[in-house]
Protein chains: 2
Amino acid sequence: MRIGELARRSGVSTRALRHYEEKGLLAARRGANGYREYDEADVRLVQEIRALMAVGFTLEDARPFVACLRAGNESGGVCPESVDVVRRKLTEIDTEIRDLMARRDEMLRRNT
Amino acid sequence: MRIGELARRSGVSTRALRHYEEKGLLAARRGANGYREYDEADVRLVQEIRALMAVGFTLEDARPFVACLRAGNESGGVCPESVDVVRRKLTEIDTEIRDLMARRDEMLRRNT
DNA sequence: CTAAACCTTCACATCAGCGTGAAGGTCAAG
DNA sequence: CTTGACCTTCACGCTGATGTGAAGGTTTAG
């Protein structure tokens, strides 16, 4: 399929897809006319990326997951690099939550 | 005092001070040579801005506080506009905390 | 054959809060 | 007179993930 269909099927813009390619997260074969050609596996790749972004991952964070899927694994999260990223993300989120709660308390204290 | 001293006394860069001025948060008299001239009240203004930013306010958020101080109030938080911003900020922070916790849960669920 | 609907590659714009020079004026000390 | 430490006004760079044209080639349906 071409980029427009992949965009529709994965729910992202064509611009985003080209961006993922530019960042090395997505690869495309090229047709004789220069058009990008994708297959079903690419749909899953993009969905994986979006699912990760939905929980706060950056494209950089998603990289090992994509590599894991490309390596033939059924899930992008089974590779050790992915696990590392998940752990890092969890501590990042926890830190952020603690920071926000501290700020909240600080604001309430100031207000009294 | 000039910008360098204000910077030292309030703990920010001269660049930041010029930025605050550009954003309309800080006003400066100008000496005959074109140099910015500040007084004690400006030190308090900048400290107020930094205190607000420390708890997650943007410069835009800080605007009503600065106006409130300029209006002669001893605290920047006593004006109704400031109170509004504080309330908005609290709900923003609460929303963000809830989002982060939801993401955390989502990540943990995916991992099992 | 033509117009719509695709596709291509640049490349600047956005949001925030500055950092970091560039190029140059001012002023006190030695 | 000359450093050197100030100050001035531009104006681009950074981070992330696209949005938004520009300018043009391709394909497809009628």
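No experiment lies behind these values; they were computed from the predicted model shown. A note on names: the letters A, B, ... follow the listed sequences, proteins ahead of strands, and every chain is numbered from 1.
- Between B:E22 atom CD and C:dG17 atom C1' the separation is 11 Å, expressed in whole Å.
- Judged as a side-chain hydrogen bond (donor to acceptor under 3.5 Å, both in side chains), and not counting sequence neighbours, B:E22 has no contacts.
- Taking a 4.0 Å limit (strictly below) on heavy-atom distances, residues 40-57 of chain A reaches DNA chain D at A:R50, A:M53.
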Acceptor/donor pairs from residues 40-55 of chain A side chains to any protein atom, 3.5 angstrom cut, sequence neighbours excluded:
residue : atom : partner : partner atom : Å
A:E40   : OE1  : A:R9    : NH2          : 2.9
A:E40   : OE2  : A:R9    : NH1          : 3.0
A:D42   : OD2  : A:D39   : N            : 3.0
A:R50   : NH1  : A:Y20   : OH           : 2.5

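- If you measure from atom NZ of A:K23 to atom C1' of D:dG16, you get 8 Å, rounded to the nearest angstrom.
- The line from CD1 of A:I93 to CZ of B:R104 is 8.0 Å long, rounded to the nearest 0.5 Å.
- Comparing the start and finish of the helix from C:dC1-D:dG30 to C:dG30-D:dC1, five pairs each, the helix axis swings through 30°, to the nearest 10 degrees.
- Listed for the B:E21 side chain is no donor-acceptor partner under 3.5 Å among the backbone atoms of B:A27.
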Contacts table for residues 80-91 of chain B: side-chain donor-acceptor under 3.5 angstrom, sequence neighbours left out:
residue : atom : partner : partner atom : Å
B:S82   : OG   : B:G76   : O            : 2.8
B:R88   : NH1  : B:E92   : OE2          : 2.6
B:R88   : NH2  : B:D61   : OD1          : 2.8
B:K89   : NZ   : B:G56   : O            : 3.3
B:K89   : NZ   : B:D61   : OD2          : 2.9
B:K89   : NZ   : B:E92   : OE1          : 3.2
B:T91   : OG1  : B:R88   : O            : 2.8

Base, backbone or nothing for each nucleotide of nucleotides 1-15 of chain C, written B, S, -, heavy atoms under 4.0 angstrom, 5' to 3'?
-----BSBB-B----
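- For B:Y20, a side-chain nitrogen or oxygen approaches OP1 or OP2 of C:dC18 to under 4.0 Å.
- Ionic pairing of B:R63 and B:E60 is present here: one or more N-O contacts between side-chain nitrogen and carboxylate oxygen are shorter than 4.0 angstrom.
- What separates CG of B:L17 from P of C:dG17 is a distance of 15 Å, to the nearest Å.
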